[in-house]
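Here the structure is a predicted model, which means the values were calculated and not measured. Reckoned from all heavy atoms, side chains included, excluding hydrogens, waters and symmetry mates.
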Amino acid sequence: MGPDMSDYRTEPPREVIEPHEAQLLFEETQFLFEDSQPFVEEKNEIFSLETLQRCIITGVLEVKNGKILQLQAPGTDKCTSCLVSGIWEQLEYRVNDIVNIQARLSKESDITKLALEILSSPQSKMCLYSSGLTNSAAEEKVLQFVPKVEKFMRKFVHVDFSIAQWNHKTLAASKGCWEGTISAVKDIEETVMEPKLGLHGKIDVTVEVTKCEGNEDVKNLAAKKLRNIIIGQLETRPIRGGLQIFHTVMPLIAGLNDDQLKAIYNVLFSSDYTVVHGKPGTGKTMFIVVLVQVLVVLNRSVLITSHTHAAVDKILLELQKRNINFLRVGKKSRISENIDSDSISATIEESALTPDDMNRLFKEELVVGSTCLGTRQFLFKDKVFDYCVLDEASQISQLEAIRPLMLCKKFVLVGDTKQLPPLVVSNRAKSLGMSESILERLSKQSGDAVSELNCQYRMNHTIMSLANRFVYDGKLVCGALNECHTFQAPNWSVLEQNAGSSPWLLKVLSTNLEDAVVVVDTGDVSHVDVKVGCIPELRGRLLKTVNLAEAALVYFVVSSLRVVGVKAEEVGVIAPYQHQVGLLKRVFAAKSEYHRSVSVNTIDQYQGQEKSVVVISCTRSSSLNKTVDSNQSSILDDVKRLTVAITRSKHKLIIIGNVQLLTDNFAEMNKLFSVIEENNKLSISNFDWSYMIRKTVKYLENCGC
Ligand SMILES: Nc1ncnc2c1ncn2[C@@H]1O[C@H](COP(=O)(O)OP(=O)(O)OP(=O)(O)O)[C@@H](O)[C@H]1O
């Protein structure tokens, strides 16, 4: 059994290398074998320093499962094996010398001297004699490994951390992984039991390392490592070994599904970072909340961050419900009022605490929440977190992500590359790659590090199938309960009695599972719009991003939802353009408390939200003006935005628009309509537009529009 690890942890800067770091070291040592593959049975074998030294001397070892199987390689004879065994016995006692007496072995000449010393010892002579091998033949064999030993010593034992040393060449050679020096060999071959980490496994050697300390150096190394991750020179690796999560975290993870569990496992046992792709409603928030709880139990510090305050607070509010302490850093006015004010560490300008008090508080808390931009606060200056969790990572640009990622040892990106990307206005910046999110970038290059959440709990089967056909290639599956869910319409009979002039409305509001997705085709409504001369401020926009006829129809549908008894807070209205959202809000504001309580927003503002019933107003009118702003017009051709829009509803999705126009002008809308059942596309050409419009305009006039 090896030494008590906790002893070493309390004596900075020396500490016993953690299992994953040991793994890193051993894997790195494989370069010593690059010229001698025939001697290595399994490419991915973990070689210990001990094994390494044996190989250096003998060059004839075969290794499997960390054990030396035979001291003989193809082409060598029994005599050589005999020599090797003898030499090995002596070497076993010298391994510590090799590492511990660093000064002696910094040069090739010193290493050559030691090897020759061993060869000329009485025991070696005996071996040489009994094997019939000449001195010069044995020397030749041994000395060919000397340059490799020297390389190893330079890289892992005699490391100079001065900044000047970290030029590009050294960095490329080291791949930015190794951030310490081996200062002593503590033990050879031991079983590791580390309940706090949930680790149980075997490592071949325990080495004491001196970590690279000092703020400047740590930050520089972190920056270089992050750079290498982003440019694809460093892939995260799973930590090997017989690992298991101990019973302390079992109650926390009990409610998770298999995908979520696997993702938690990947995070805990990855060497650098993990990417979690969570499709809509697949429990990304739930996953993050449980992950943070697990990390807290394991005494790991976590930075929770995202690009908006709302996204950060969504997670913190869930943690608050579970009595997890945290510190929320940011401007009070931007933080959710539901966050317990004791948890808020406002900006330095706003805080009543002294900087020292704030620093102390900040260092004590394991969990800290802030937006990505908020991490520029002075409080974060010297803080290094064990983990950073980036939520909604598909919306976070690489530039925005760098600051929080620099503050942590490992990170987790959570998001869905099929949903909204970072918002970049400049087309030139887009063409140069600015809109590629950190999630998208790392998803491309890190096969092992990617976990997928496919089991969703939001949409019923019909809406999920639409998302599958439109973008997810059938990968989304239903959690057991939501599959057949539909919305409640307790007053359905009232609608049945009054729908006489609009029979299509019965289908639009039908609670049948097969009618969960419907399209209401308005046809060309331009003739209706042109009559709206009484609202001058709308006139100029009619042909662009406002559609009064559609607003009137949305109003009519929402009013009908009210009639059948759907609660206002269960209804959501989405429009692609701000102007249409503004118009709808004004129409609703003028009507009733019910309408005012219905949430009306753009697609971007709806990401991360869900409603029982969602009505989408596609807005574009028949008089499409090709000269309109290309950014605005492209929203309806943006597969990611459309994906967000159609995956917000749990039970009913009602899409309102001019199908022919949208199909002709927007390829993605065309695709969307093509995957919706024909049976569920309803034409309302006989709709009494003039009545509805008159009514709507009256509301607008009443509210002073
Ligand atoms: N393992 C689970 N078992 C049962 N329900 C779950 C599970 N995980 C998540 N849920 C439920 O699924 C719903 C969606 O979860 P959550 O909000 O975490 O999803 P999300 O992926 O963050 O959604 P979005 O796509 O909006 O970002 C919630 O009601 C949540 O309680």
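Arg596 pairs by the salt bridge (Lys or Arg N to Asp or Glu O under 4.0 Å) definition with Glu593, not counting sequence neighbours. Residues satisfying the salt bridge (Lys or Arg N to Asp or Glu O under 4.0 Å) test with Lys652, not counting sequence neighbours, are none. Applying the ring pair (Phe, Tyr, Trp, His ring centres under 6.0 Å) test to His595 and every residue at least two apart in sequence or in another chain returns Tyr555, Phe588. Every residue two or more places apart in sequence or in another chain that forms a side chain to side chain contact (heavy atoms under 4.5 Å, CB included) with Asn257 is listed here: Asp259, Gln260, Cys455, Tyr457. Under the rule for a side chain to side chain contact (heavy atoms under 4.5 Å, CB included), the partners of Ser370 that lie at least two apart in sequence or sit in another chain are Val329, Thr375, Phe380. For Lys314, the side chain to side chain contact (heavy atoms under 4.5 Å, CB included) criterion is met by Thr285, not counting sequence neighbours. In this view, Glu610 and Arg458, Lys650 satisfy the side chain to side chain contact (heavy atoms under 4.5 Å, CB included) rule, not counting sequence neighbours. For Phe385, there are no ring pair (Phe, Tyr, Trp, His ring centres under 6.0 Å) partners at least two apart in sequence or on another chain. Applying the side chain to side chain donor-acceptor pair (under 3.5 Å) test to Arg322 and every residue at least two apart in sequence or in another chain returns Gln293. Shown here are the side chain to side chain donor-acceptor pair (under 3.5 Å) partners of Ser435, two or more places apart in sequence or in another chain: there are none. Residues passing the side chain to side chain donor-acceptor pair (under 3.5 Å) test with Asp638 are Arg641, sequence neighbours excluded.
Here the side chain of Glu569 pairs no donor or acceptor atom with the backbone of Val598 at under 3.5 angstrom.
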Salt bridge (charged side-chain N to carboxylate O under 4.0 Å, His left out) evaluation trace for Asp272 with Lys410
CA-CA 5 Å; Asp272 295 292; Lys410 296 182 183 184; over 6 Å; no
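Heavy-atom neighbours of Asp258 CG from other residues, nucleotides or ligands within 6.0 Å: at or below the threshold of 12.
Considering every non-hydrogen atom in both Val450 and Ser443, the closest pair reads CG2-O, 4.3 Å.
Judged purely by distance below 3.5 Å, without hydrogens or angles, the side chains of Tyr606 and Ser599 pair a donor atom with an acceptor atom. Of the N and O atoms on the side chains of Thr486 and His651, not one donor lies less than 3.5 Å from an acceptor on the other residue.
Listed by first and then second residue, the salt bridge (Lys or Arg N to Asp or Glu O under 4.0 Å) pairs that reach into residues 390-408 come to none, sequence neighbours excluded.
The residue from Asp416, Leu453, Asn454 that alone fulfils the side chain to side chain contact (heavy atoms under 4.5 Å, CB included) condition with Thr282 is Leu453.
A salt bridge links Glu440 with Lys640: at least one charged nitrogen is closer than 4.0 Å to a carboxylate oxygen.
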